[in-house]
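So the structure is just underneath, and the comments pick up after that.
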Amino acid sequence: ILNVEQSPQSLHVQEGDSTNFTCSFPSSNFYALHWYRWETAKSPEALFVMTLNGDEKKKGRISATLNTKEGYSYLYIKGSQPEDSATYLCVEGAQKLVFGQGTRLTINP
Amino acid sequence: NAGVTQTPKFRILKIGQSMTLQCTQDMNHNYMYWYRQDPGMGLKLIYYSVGAGITDKGEVPNGYNVSRSTTEDFPLRLELAAPSQTSVYFCASRVTKTQYFGPGTRLLVL
């Protein structure tokens with residue numbers, strides 16, 4: 001089982017500020033890196049899937065980058081809004097996915 | 001498409017009771033998964049299936065059984081419920097690289 005580590009575990013950000021957090025994963029036998037957004041009492045929702053070193057994906061104010069050689073991915077949120085409050089999960093794998101513990105993001109109005 | 005549906009939404013079991021958590025997807029996905037999420041923890045894979053008739057253990061399979069007789073359904077069976085199985089259970093299906101999750105089943109074993 002691969003270890004996927006996310007940091008920080010939790011984060012409080014003022015509305016309007018930008019923020020980012022990190023996912024690290026073993027770089028050997030890499031297949032794909034996923035980011036999911038998970039709101040309380042809901043099911044995880046896919047944000048991005050990245051497979052190639054140097055991949056950058058963007059969805060509105062949220063973007064992500066991937067470095068497979070050094071085994072990390074960053075998720076960026078620009079101009080945070082209260083609706084961005086959620087847990088952001090980083091996941092690596094192919095047939096069997098390995099989930100990080102998540103970064104719980106709270107946006108303070 | 002309804003996507004991935006799970007029943008029941010919530011259930012309380014007594015220790016030693018059995019139950020089946022239902023999961024159905026209408027997207028014709030071959031891959032299906034069962035995860036559990038314990039309080040303050042991430043998701044742990046219980047079992048997964050790559051197609052009808054094929055299942056395999058995940059990270060935490062003890063105390064559970066699965067079957068996959070059709071593409072659409074992937075039920076999870078608890079034979080002798082234990083307090084350690086108190087959790088939220090998520091079913092998911094996958095096409096290409098993206099997993100689609102069901103709404104979850106909250107199970108309390110007392």
Side-chain angles (χ1 to χ4, degrees), chain A residues 1-10 21-26 29-53 55 57 59 64 66 68 73 75 86-106, chain B residues 1-10 21 23-25 27 29-51 54-62 66 68 74 87-106:
Chain A
I1 300 290
L2 302 171
N3 287 325
V4 176
E5 303 287 339
Q6 291 187 245
S7 63
Q9 286 191 337
S10 66
F21 26 94
T22 307
C23 170
S24 61
F25 53 89
N29 297 319
F30 174 80
Y31 179 76
L33 192 287
H34 312 245
W35 281 100
Y36 283 84
R37 182 173 179 274
W38 194 4
E39 290 182 71
T40 302
K42 294 187 178 180
S43 52
E45 175 190 353
L47 283 174
F48 305 115
V49 178
M50 296 180 286
T51 56
L52 299 176
N53 185 46
D55 261 353
K57 295 282 177 106
K59 189 175 184 178
L66 178 66
T68 60
S73 175
L75 188 79
T87 296
Y88 291 83
L89 291 175
C90 172
V91 188
E92 200 281 333
Q95 201 160 275
K96 293 200 290 189
L97 299 185
V98 179
F99 286 74
Q101 297 285 67
T103 292
R104 180 180 291 278
L105 175 65
T106 303
Chain B
N1 285 351
V4 180
T5 57
Q6 292 182 240
T7 57
K9 288 185 179 179
F10 177 66
L21 282 67
C23 175
T24 300
Q25 53 94 7
M27 298 174 282
H29 292 171
N30 283 328
Y31 289 83
M32 294 188 74
Y33 303 81
W34 274 106
Y35 297 94
R36 59 178 285 172
Q37 183 214 6
D38 299 323
M41 305 289 285
L43 289 168
K44 301 285 187 184
L45 180 65
I46 305 172
Y47 271 95
Y48 70 101
S49 169
V50 301
I54 307 169
T55 63
D56 205 352
K57 295 178 181 179
E59 196 177 348
V60 289
N62 292 342
V66 292
R68 185 94 182 271
F74 190 39
S87 189
V88 181
Y89 292 83
F90 287 96
C91 177
S93 69
R94 177 167 78 91
V95 64
T96 59
K97 298 181 176 64
T98 300
Q99 287 204 354
Y100 297 86
F101 287 83
T105 292
R106 186 175 295 274

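Predicted model, so just to flag it, every value in this text is computed and none were measured. Letters A, B, ... are given to chains in the order of the sequence lines, protein chains preceding strands, and every chain is numbered from 1.
For B/Val88, no part lies near chain A; criterion is any non-hydrogen pair under 4.5 Å. Only the side chain of B/Arg94 comes within less than 4.5 Å of a heavy atom in chain A; its backbone stays farther off.
When all heavy atoms of A/Ser43 and B/Gly102 are compared, the closest pair comes out as CB-O, 2.7 Å.
Distance alone, capped at 3.5 Å, is enough to place a donor-acceptor pair between the A/Tyr36 side chain and the B/Gln99 backbone.
Note that the CG atom of A/Leu97 and the OH atom of B/Tyr33 stand 5.5 Å from one another [nearest 0.5 Å].
Residues A/Leu89 and B/Leu43 meet the side-chain proximity criterion, which asks for heavy atoms closer than 4.5 Å. A 4.5 Å side-chain heavy-atom check between B/Gln37 and A/Phe99 finds every atom pair outside the cut-off.
Within 6.0 Å of CD in A/Glu39 there are more than 12 heavy atoms belonging to other residues, nucleotides or ligands.
The contact list for residues 45-53 of chain A toward chain B, using heavy atoms and a distance under 4.5 Å, reads A/Ala46, A/Val49, A/Thr51 by residue number.
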